[in-house]
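Here the structure comes first, spelled out in structure tokens, and everything after it is commentary.
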Protein chains: 2
Amino acid sequence: MDCERTGAASSTADAENLAFDVFARACPSRGTLEHVTGKWGGLILGALHEGSFRFNELRRRVDGVSEKMLSQTLHALERDGLVHREAQPTNPPRVDYRLTPLGSAVAERLLALIYLVEDRMPEVLSAQERYDTVRAESGEAAGRATTAGRGGR
Amino acid sequence: MDCERTGAASSTADAENLAFDVFARACPSRGTLEHVTGKWGGLILGALHEGSFRFNELRRRVDGVSEKMLSQTLHALERDGLVHREAQPTNPPRVDYRLTPLGSAVAERLLALIYLVEDRMPEVLSAQERYDTVRAESGEAAGRATTAGRGGR
DNA sequence: CAGTATCCTTGCAGATACTG
DNA sequence: CAGTATCTGCAAGGATACTG
């Protein structure tokens with residue numbers, strides 16, 4: 001599939017299919033985006049945005065990440081050219097990870113999104129409360145929040 | 001203990017301007033962020049950024065989404081206050097979805113990230129090529145790319 | 001320290017059927 | 001049209017053990 005920037009810049013007119021190529025299923029940018037927005041990608045990019053870290057430092061910083069996932073995500077990010085890995089063949093080994101300029105640019109956009117969401121959390125929280133209240137009184141017999149409870153993955 | 005920072009923002013010079021609580025495991029903003037960056041959240045936000053749509057219009061626009069996932073994601077986004085749902089009790093029923101101002105702001109940041117990644121895809125692609133080449137010649141005997149092949153989420 | 005290999009659980013997400 | 005309910009597969013990702 002082509003990944004041209006078809007109607008990316010908000011083409012309100014074209015209706016039928018995808019307007020955003022990233023969203024096309026077989027697009028390479030989709031993969032990179034998932035490394036970035038994935039469960040651990042954002043965390044790691046965020047941690048690395050503050051400096052350079054060694055493997056286990058990173059592990060401690062990113063709460064809850066397993067060795068496997070850290071290693072895996074780091075490799076994906078390195079392959080995408082967002083993270084630079086510098087290994088010193090000493091004993092014991094020392095490996096430092098840091099963002100590339102591209103990784104830094106990506107991290108900044110991602111962080112902008114994150115901060116926006118955080119700043120607006122009060123709004124989100126009250127919206128959730130309203131939603132739950134309405135659901136509770138109208139859907140009494142329907143039992144608990146069905147499939148929509150929380151969409152997280 | 002809700003949204004404490006995990007340590008991600010605590011040690012470097014500019015630590016205090018970063019509030020990384022999203023990264024803490026039991027944080028509500030983490031959930032909202034996942035609705036947004038999740039597999040379908042971005043798609044739907046992107047589609048809705050162009051206007052108002054009915055359920056099945058959305059289904060056609062967002063390539064590959066099932067009724068279930070569309071419904072589920074829409075509910076999560078509505079609950080978070082990012083999407084507004086307007087149902088008309090007519091027959092047949094007509095329901096329109098559109099972004100709230102907050103949803104619009106979020107969609108814009110998300111799109112900024114997406115466009116950045118797209119713009120820089122050439123860099124990403126060449127980085128991947130380099131990575132794969134190096135891996136291929138040095139890791140010949142060490143076995144295949146193991147877990148790192150593609151991070152995929 | 002810096003990973004890799006393997007097993008196994010969890011729950012996301014797809015397909016299908018049904019309702020108002 | 002606009003959803004909900006349910007059953008199920010499959011892969012992401014956690015735990016654990018092992019290596020250089």
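Chain A is the first sequence line, chain B the second, and so forth, proteins listed ahead of strands; every chain is numbered from 1. All values below were derived from every heavy atom in this structure, side-chain atoms included, with hydrogens, water molecules and symmetry-related copies excluded. Just so you know, these numbers come straight off a predicted model, no measurement behind them.
- The NE2 atom of A:His75 sits 4 Å away from the P atom of C:dT4 (whole-angstrom rounding).
- Distances shorter than 4.0 Å separate none of the side-chain N or O atoms of A:Tyr97 from OP1 or OP2 on C:dC1.
- Residues A:Val83 and A:Thr100 are not in side-chain contact: their nearest non-hydrogen atoms beyond the backbone lie 4.5 Å or more apart.
- Atom P of nucleotide C:dA13 and atom CD1 of B:Ile44 are separated by 11 Å, given to the nearest angstrom.
- Phosphate contact (OP1/OP2 of D:dT4, side-chain N/O of B:Ser71, threshold under 4.0 Å): present.
- Summary of the strand contacts: A:Met69 and A:Pro93 both lie near DNA chain D, and taking for each the nucleotide with the nearest heavy atom, the more 5' one is attributed to A:Met69.
- Comparing D:dC1, C:dC1, D:dT4 against the side chain of A:Pro92 picks out C:dC1 as the nearest.
- For A:Ser66, taking side-chain heavy atoms from C-beta onward, the closest of the listed nucleotides D:dA2, D:dG14, C:dG3 is D:dG14.
- As rounded to whole Å, 10 Å separates atom P of C:dG3 from atom CG of A:Leu58.
- If you take CG of B:Leu70 and P of C:dG14, they are 12 Å apart, rounded to a whole angstrom.
- Note on A:Arg85: only backbone sugar-phosphate atoms sit closer than 4.0 angstrom, heavy atoms only; bases stay farther off.
- In this structure, CD of B:Glu57 is placed 12 Å from P of D:dG3, rounded to the nearest angstrom.
- A:Gln128 is listed as a side-chain neighbour of A:Val124, based on a closest heavy-atom distance under 4.5 Å.
- Summarising the geometry, the separation between NZ on B:Lys39 and P on D:dA11 is reported as 11 Å, rounded to the nearest angstrom.
- In this structure, B:Glu108 and B:Leu111 have side chains that are not in contact, with every pair of non-hydrogen atoms separated by 4.5 Å or more.
- The side chain of A:Phe55 sits closest to C:dA2 out of C:dC1, D:dA2, C:dA2.
- Both distances falling under 3.5 Å, in either a Watson-Crick or a G-U wobble arrangement, place D:dG3 opposite C:dC18.
- We find that NZ of B:Lys68 is positioned 14 Å from P of C:dG11, with the value rounded to whole Å.
- Across all strands shown, the partner of D:dC10 is C:dG11, judged by Watson-Crick or G-U wobble contacts whose two distances both fall under 3.5 Å.
- For the OP1/OP2 pair of D:dC1 and a distance below 4.0 Å, the side-chain nitrogens and oxygens of B:Arg54 include no atom meeting the criterion.
- In this structure, the side chains of A:Leu58 and A:Leu74 come closer than 4.5 Å at one or more pairs of heavy atoms.
- With rounding to whole Å, A:Glu67 atom CD is found 14 Å from D:dC18 atom P.
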Exercise for the section: Evaluate side chain to side chain contact (heavy atoms under 4.5 Å, CB included) for A:Arg54 paired with A:Arg94, printing each intermediate quantity in order. Expected result: CA-CA 7 Å; A:Arg54 301 175 61 175; A:Arg94 179 192 176 100; 3.0 Å; yes
